[in-house]
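Start at 1 and go down the list; that is how both ligands and their atoms are numbered. Heavy atoms only: backbone and side chains are in, while hydrogens, waters and symmetry mates are out.
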Amino acid sequence: MTTLAIDIGGTKIAAAVCDENDAITHRWRVPTPMDADAINHHIANIYHEAVAAGHDDIQAIGISAAGNVGADRRTLTFAANIPAWINYDLSEHIGALIDHAVPVVVENDANCAGWGEYVHGAGQGSSNMVALTVGTGLGGAIVIDGRLYRGSFGMAAELGHLPMVPDGDTCGCGLRGCAERYTSGSALERFAKSAVRRRPQDAERLMELCGGDVDKLEGPMVSQAAQEGDVLGLYAFGKIGEWLGRAMAATAAVLDPDVFVIGGGVVAVGDILLEPARYNYQRFLEGSAYRGHASIVAATAGQDAGLIGAANLALR
Ligand SMILES: [Zn+2]
C-alpha cells in the first residue's frame, strides 16, 4: 500500500511515492509552472509514470499546496501565487485527468509540514503541538489531542497573520502588523538591513558578505554572520526571536500546547534563534511562574516534512 505525495512549491513541484510507513521510495521534481492547467497535467503525468514504474498499489494522492484550502480538503479558496486558484477544485481537476483512479486529497503546505513533524519528527509523542515554519513568511500548524486542527472553514493555524502590532507594517495579506512581518526570513533580512544602515561602524562583516551592496543582503548571509558571532547578525536574530516568542505566548494563551516545533531554513542557526524565542515566550506568557511550559524545539523531519505529512494525511 503506497501513497503519491505532491508538494507544489513556489519554484518546484516535488513528488514522492511513500510506503505504508511514509518512507519515500521514489521521487520526482519538476519546475512549477504558474499556469493551473499545466500544474494539473504535471501531477497527472507523475501519477501515470509512477503506475507505469510498477507503483500500481497507490491508494491516494496527497497534495501539499501553498494556499488556503477549504474544509472539504479539495478546494483552494485562494492562493497568492496562482491566480486561477480561487474557489478552485484542485481535486476534481486532477481526478478528471487520471479517470478518478484514486482520491486526491489537498492540504495547506504548512499543515502538511507540521503534520510531518508530528508523525515523524520533533512533535512525536506530544498531544498538543504547534508547529511554526519560519520561511519567507510564517506558517503554522496545530495538532489538538493528536489530530490536525483545521478549523470550521479550513482556515485555522494562520499564525503568521496573528495581529501583533496595531497599525504596524503592511503584510502581503493586506492587513497590517501581522506576526510574519516581524518573525520570518523576510523580517530577518529587513532587521539586518536596517541595522547596517543605522550602525555602519558595526557592519563590516555583513557588508563584506553582501559584496558592499546592502540591498543584496540575504538571510543566509545574516545566518553565517550570526554563527561567526557578528554583533548585527546576532541583533537581527534577537529581533525575530523576540517576535517569535511573543507570537508563541499569544498562541499559548489560546491553545496551551506541550511543544512548539520551529521549522524553516533559518532554524539551522539553532539556539541563536531559539534562545531569544524561549526567553520572550516566558516573558510574555500569562502566569509564567506558576504553570507548565511547552518545550520549544527545532524541527527534525527535514526538507521532506511536507511530502511525508501530505502522504500520511491523504489516508486519514
Ligand atoms: Zn498578514
Side-chain angles (χ1 to χ4, degrees), residues 7-11 34 64-71 75-88 106-115 129-143 148-194 218-219 222 236-255 257 260-267 273 276-277 280-281 284 299 306:
D7 185 350
I8 307 174
T11 56
M34 286 298 110
S64 162
N68 299 340
V69 178
T75 306
L76 280 142
T77 55
F78 176 77
N81 296 325
I82 312 286
W85 283 1
I86 294 177
N87 295 324
Y88 185 87
V106 185
E107 299 274 359
N108 166 267
D109 57 348
N111 278 350
C112 288
W115 187 253
M129 178 200 82
V130 173
L132 287 159
T133 307
V134 188
T136 310
L138 179 68
I142 295 169
V143 172
L148 184 70
Y149 181 71
R150 296 184 179 85
S152 303
F153 306 100
M155 292 296 293
E158 289 291 337
L159 300 173
H161 304 285
L162 272 177
M164 299 297 289
V165 179
D167 301 323
D169 277 345
T170 303
C171 180
C173 74
L175 298 172
R176 293 177 68 178
C178 293
E180 72 175 30
R181 290 300 300 159
Y182 304 92
T183 186
S184 61
S186 319
L188 178 75
E189 278 180 26
R190 204 173 74 250
F191 286 129
K193 284 176 178 171
S194 108
E218 290 179 357
V222 184
F237 272 101
K239 291 293 281 184
I240 67 163
E242 175 185 337
W243 284 102
L244 185 58
R246 287 174 182 262
M248 288 189 295
T251 304
V254 184
L255 294 172
F260 285 95
V261 176
I262 313 300
V266 302
V267 84
L273 173 67
N280 285 284
Y281 165 74
F284 293 105

Asker: Ignoring hydrogens, what is the shortest heavy-atom contact between Ala247 and Leu162? Give both atom names and the distance.
Answerer: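 Reported closest heavy-atom pair: O-CD1, 3.8 Å.
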Asker: Got a sec: does the CZ of Phe284 have more than 12 other heavy atoms crowding it under 6.0 Å?
Answerer: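 Counting other residues, nucleotides and ligands, CZ of Phe284 exceeds 12 neighbours.
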Asker: Output all residues satisfying side chain to side chain donor-acceptor pair (under 3.5 Å) with Ser194, sequence neighbours left out; order by chain, then residue number.
Answerer: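 With sequence neighbours excluded, Ser194 shows a side chain to side chain donor-acceptor pair (under 3.5 Å) to Arg198, given in chain and number order.
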Asker: Could I get the full list of ring pair (Phe, Tyr, Trp, His ring centres under 6.0 Å) partners for Phe237, not counting sequence neighbours?
Answerer: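 In terms of ring pair (Phe, Tyr, Trp, His ring centres under 6.0 Å), with neighbours along the sequence ignored, Phe237 is linked to no residue.
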Asker: Do Leu148 and Glu107 come close enough that some side-chain heavy atom pair is under 4.5 Å?
Answerer: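 The answer is yes, as the side chains (C-beta and beyond) meet within the 4.5 Å cut-off.
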Asker: Kindly state each residue pair satisfying ring-ring contact (aromatic ring centres under 6.0 Å, His included) with at least one member in residues 150-172, sequence neighbours excluded.
Answerer: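 Of all non-adjacent pairs touching residues 150-172, none passes ring-ring contact (aromatic ring centres under 6.0 Å, His included).
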Asker: Any idea how many protein N, O or S atoms are nearer than 2.8 Å to the Zn ion (ligand 1)?
Answerer: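 Excluding waters, the total comes to 4.
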